[in-house]
Amino acid sequence: MTAHFPILQVIIPLFAAPLCLFLRIPRLVGVFAIFVSAAAFLISYGLLQEVITHGTISYKLGGWPAPWGIEYRIDTLNSFLLLLVSGVSTVVLLASLSSISRELPQNRHTYFYTAYLLCLTGLLGILATADAFNVFVFLEISSLSSYTIIAIGTDRRALAASYQYLIMGTIGATFILIGVGLMYMMTGTLNMYDLAERLPAVYKSKTVLSAFGFFIVGVCLKLALFPLHLWLPNAYAYAPSITTAFLAATSTKVAVYVLIRYIFSVFGIEFVDMSLPLGDIFLILGLVGIFVASISATFQLNIKRLFAYSSVAQIGYIILGLAIETQLGITATLLHLFNHALMKAALFLAIGAVFYRIGSAQLNHYAGLGKKMPLTMAAIVAGGLSLIGVPLTVGFVSKWYLVVALLDKGWWPVAVLVLLSSLIAVIYVWRVVEWVYFTPPRIITEEVKEAPLSQLIPIWMLVLANIYFGVDTRLTVGVSKLAAQSLFGVNL
Amino acid sequence: MNIIGLYNYWIVVVLMLIGFYIVIAHENLIKKLVGLTIFQTSVFFLYISMGKVAGATAPILDENYQIYSNPLPHVLILTAIVVGIATTALGLALVVRIYEAYGSIEENDIQVQDTHDRLECQLEAYGRQKPPTLFDQETN
Amino acid sequence: MLLSFLALTAIAITRMGDLFAVVMLSGIYSLLSASLFLDLDAVDVAFTEASVGAGISTLLFLATLKLVPRYEKKSRYKPALALGVVIVTGALLIYGTLDMPHFGDADAPVHQHVAPRYLNDSINEVGLPNVVTSVLASYRGYDTLGEVVVVFAAGIGVMSLLMVSQRTKARALTKVPADMQHQIILRIVAKMMLPLILIFALYVQFHGDYGPGGGFQAGVIFAAGIILYTMLFGLSLTQSVIKPVFVEMLTAFGVLLYSGVGIVCMILGGNYLDYDVLSHDPVHGQHLGILLIELGVGITVAAVMITLFFKFTWRTVKHKYNQ
């Protein structure tokens with residue numbers, strides 16, 4: 001049974017999604033989805049253990065050997081992210097039962113859960129596969145279902161946002177398709193590890209460089225790297241809360257994974273260094289992205305939009321770690337991937353809980369909620385502190401590693417800029433705090449109560465995880481270091 | 001030789017660019033989707049062209065033929081075509097809903113309405129004291 | 001030359017403001033592409049492009065145009081930035097072509113590495129003459145599963161976006177005639193054609209192992225038959241024969257069948273989608289597996305296409321009724 005783990009964690013949600021249509025009773029479907037996601041989570045936990053003790057696992061789909069058939073290959077890097085995606089998905093689903101019933105008409109619930117599970121399938125599939133074209137297929141599964149779960153709500157702006165995402169996402173996917181095609185053209189193979197073996201022979205080829213360019217731009221569209229982030233703020237702001245929590249925590253992270261995988265495992269860092277000043281480009285885009293997005297965040301009135309812009313800024317930090325191109329830098333990137341997922345999931349779930357009670361995500365409607373919903377608000381503050389990078393939170397850990405990596409490389413001006421940018425985070429988080437605790441409510445809202453337990457529990461699970469992994473960093477730092485080592489080990 | 005050998009690819013590149021141009025330059029939501037279709041179809045040519053072997057026949061095994069074209073790009077493109085129609089269908093459904101909600105399928109009209117909504121929220125929050133900043137309009 | 005026609009069509013599309021014409025031209029573009037694919041030995045691809053690109057896609061665009069304005073607003077159109085982006089992309093692409101293996105070159109890497117095994121050994125390993133089907137359904141069967149899931153995901157998306165309440169349906173059902181109610185000749189011809197179309201679909205479905213065809217094409221053709229019927233005889237009549245809920249379940253059933261075959265393979269001791277274990281003889285097992293998964297593909301594709309059409313048509317009905 002354990003031999004089938006690599007495929008099972010993708011197949012379980014894949015098989016479960018169409019089953020949802022047969023179940024049809026909304027509540028039942030919701031509970032079913034939780035169990036499915038939890039099963040995927042347990043399997044990915046098993047996979048992580050297996051990979052740490054026994055090394056990389058390869059799984060041949062259809063029983064065909066690698067370059068002819070499709071291969072799944074699990075190593076430290078992707079098992080770490082599999083764990084993250086399935087874990088966050090499970091916790092978010094826990095909160096979904098009540099949240100969805102508030103935000104969606106009942107006849108759409110089944111569709112929502114079906115699309116949600118498909119999206120999960122797609123994301124897990126991208127992480128597990130070792131086949132370049134398979135990435136494209138699963139990318140499209142996750143994208144099409146994310147367009148659905150964004151647009152499914154009642155806000156009309158979600159429709160326009162979803163359309164914009166669809167156009168930009170499809171352009172990105174088509175660029176990836178061009179990239180894969182050109183790579184295939186020069187090597188005759190689609191398997192990533194086979195590609196890695198065959199690409200060095202054609203490193204000098206202009207076609208490979210062009211392939212690399214298209215692939216990188218395509219993936220950067222998906223991960224919303226500044227200035228390709230335009231689809232993100234609206235998509236996150238107007239989607240149902242559960243969608244936002246799930247996508248914010250997972251989908252861009254998976255795109256970052258693809259980027260890392262291709263730069264390090266497929267093309268190899270030597271090629272990248274030789275052909276393109278990618279490090280410098282990432283450095284500049286990352287830094288500009290951090291500042292522009294953070295400053296935009298301080299002007300937002302819609303709290304979901306505010307944190308969506310902050311997500312774009314966080315992508316900047318993640319890319320910055322990549323730009324350093326050292327083992328420490330990658331460790332910082334991976335840590336921040338994990339940690340940022342925890343923060344954003346907690347924040348957006350808490351915002352969802354507020355929406356559940358007051359039906360709004362406008363900051364001015366948050367006035368006075370500090371007294372009415374103390375636990376939820378405390379969660380938002382904790383998430384905000386983590387975003388800033390206050391000690392004892394996960395945000396501190398990853399910023400610390402990032403700054404250390406920057407100093408190690410000798411880029412102290414960049415390190416200073418990173419610290420400065422944290423000050424902007426202080427400003428936007430403070431704006432939230434100001435509305436919540438220090439502004440008298442203009443409208444008297446007597447009936448507003450604390451969020452229901454079904455939402456408080458998942459929120460606080462994530463908040464506690466934020467604090468736990470901020471103190472006890474053995475698992476996250478350990479695994480990130482291992483993954484970073486293996487990424488460099490392969491290519492040195 | 002060089003020119004002739006690559007001529008096919010260059011036309012394909014031009015087709016791709018036309019499609020891509022339609023997607024990003026036009027405001028009409030339907031036309032953008034048409035552009036996307038053209039863009040994708042042209043990428044399919046790239047794949048299928050590379051699978052062609054001069055003098056070969058379709059990869060259906062038969063005793064009368066010896067050389068076949070490469071079947072793998074065909075398989076990949078079959079998949080990609082179906083992915084393309086799936087995306088188009090979903091996009092069109094979104095367009096229908098957008099038209100019902102906004103009364104227009106021009107990107108600009110939609111953005112204007114969205115900005116208007118946001119400004120009203122600002123007004124509600126801050127009253128007249130703090131007019132919406134320039135920055136907000138830029139980052140819509 | 002076909003390619004020049006394609007370029008002309010594409011340029012015409014950018015210039016036109018009448019969306020109806022644009023959609024028609026894009027249909028033509030698809031048809032031309034299909035002939036070009038045929039020219040390049042990609043028969044299966046040509047078949048699919050003709051049925052999907054020129055058929056279903058055009059149909060969906062037209063169905064949408066019934067619901068939205070027909071003309072593009074002019075002068076809203078800022079080409080400078082777009083042109084810049086396009087030129088950069090184009091430059092990168094042209095730059096990339098410089099080192100490409102030449103068109104038709106048999107020594108290109110793509111013909112040397114992975115593909116030879118498909119061409120030489122698939123007849124022994126999978127046992128089908130159509131190599132495209134072997135690769136599609138067996139060697140890369142998992143991609144095809146993914147593709148069916150993509151279709152299913154799109155189906156779910158459209159179902160959730162274009163829902164029509166039972167109330168509207170009940171009120172509208174009796175009052176909406178078919179659009180082409182009075183086209184007697186068309187109706188009679190269609191009646192004669194329908195069984196032929198459906199039989200052809202089944203032929204394509206089960207003959208894909210030997211000639212071009214398979215689940216996708218069959219599914220699309222089957223759906224086209226039903227859609228033709230609906231257009232001529234009205235939604236209410238079709239839906240009294242085929243219940244929409246049933247079709248929705250079929251979309252899920254195809255995916256279940258496909259992934260279910262994979263799970264059965266696992267239970268029988270093979271890897272996921274390893275059809276060898278389905279029977280005592282591996283080649284026979286491959287046959288059985290491919291037959292079943294192609295059926296799954298056909299069911300999902302046909303059901304999703306029919307659902308898409310129903311949903312768009314219901315939307316039209318709803319609009320009419322509301323006015």
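Remember, it's a predicted structure, so these values are computed and weren't measured experimentally. Per chain, numbering begins at 1; letters A, B, ... match sequence-line order.
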Measuring heavy-atom distances to chain C, does [X] have an atom under 4.5 Å in its side chain, in its backbone, in both, or in neither?
| X | answer |
| --- | --- |
| A:Leu118 | side chain |
| A:Phe138 | side chain |
| A:Phe175 | side chain |
| A:Val10 | side chain |

Drop me the distance from [X]'s [atom1] to [Y]'s [atom2], to the nearest 0.5 angstrom.
| X | Y | atom1 | atom2 | result |
| --- | --- | --- | --- | --- |
| C:Leu145 | A:Ile11 | CG | CD1 | 5.5 Å |
| A:Leu19 | C:Ser259 | CG | OG | 8.5 Å |
| A:Arg108 | C:Met163 | CZ | CE | 5.5 Å |
| C:Thr97 | A:Lys206 | OG1 | NZ | 9.5 Å |
| C:Tyr139 | A:Leu61 | OH | CG | 15.0 Å |
| A:His4 | C:Ile267 | NE2 | CD1 | 9.5 Å |

Practice task
Indicate yes or no: does C:Arg140 engage A:Asp131 in a salt bridge with an N to O separation below 4.0 Å.
Solution key: yes

Based on non-hydrogen pairs under 4.5 Å, which of [options] is most in contact with chain C?
| options | answer |
| --- | --- |
| A:Met186, A:Glu140, A:Arg24, A:Arg198 | A:Arg198 |
| A:Tyr184, A:Phe112, A:Trp64, A:Phe214 | A:Trp64 |
| A:Thr121, A:Thr187, A:Ile152 | A:Thr187 |
| A:Gly62, A:Ser210, A:Gly63 | A:Gly62 |
| A:Ala151, A:Ser205, A:Gly122, A:Ala115 | A:Ser205 |
| A:Val137, A:Ile70, A:Asn107 | A:Ile70 |

Note: vs chain A, highest number of non-hydrogen pairs under 4.5 angstrom among C:Leu273, C:Val151, C:Val110 is C:Val110

Donor-acceptor pairs under 3.5 Å, side chain of residues 288-297 of chain C to any protein atom, not counting sequence neighbours: which ones?
residue, atom, partner, partner atom, Å
C:Glu294, OE1, C:Gly215, N, 2.5

If the plane angle is over 60° it's perpendicular, under 30° parallel, otherwise tilted; pick one for A:Tyr72 and C:Tyr142.
perpendicular

Sub-4.5 Å side-chain heavy-atom contact between [X] and [Y]:
| X | Y | result |
| --- | --- | --- |
| C:Leu256 | A:Phe22 | yes |
| A:Ile141 | C:Glu147 | no |
| A:Tyr111 | C:Glu248 | yes |

Sorted by chain and number, sequence neighbours left out, salt bridge (Lys or Arg N to Asp or Glu O under 4.0 Å) with C:Asp99 holds for none

Query - Heavy atoms from other residues, nucleotides or ligands near OH of A:Tyr203 exceed 12 (cutoff 6.0 Å) - result: yes

Between A:Pro67 and C:Val114 the two heavy atoms that sit nearest each other are O-CG1, 3.6 Å

Smallest heavy-atom separation, A:Ile7 atom then C:Met266 atom, equals CG2-SD, 4.0 Å

Exactly one candidate in A:Thr148, A:Leu104, A:Ile149 meets side chain to side chain contact (heavy atoms under 4.5 Å, CB included) with C:Ser160; the answer is A:Thr148

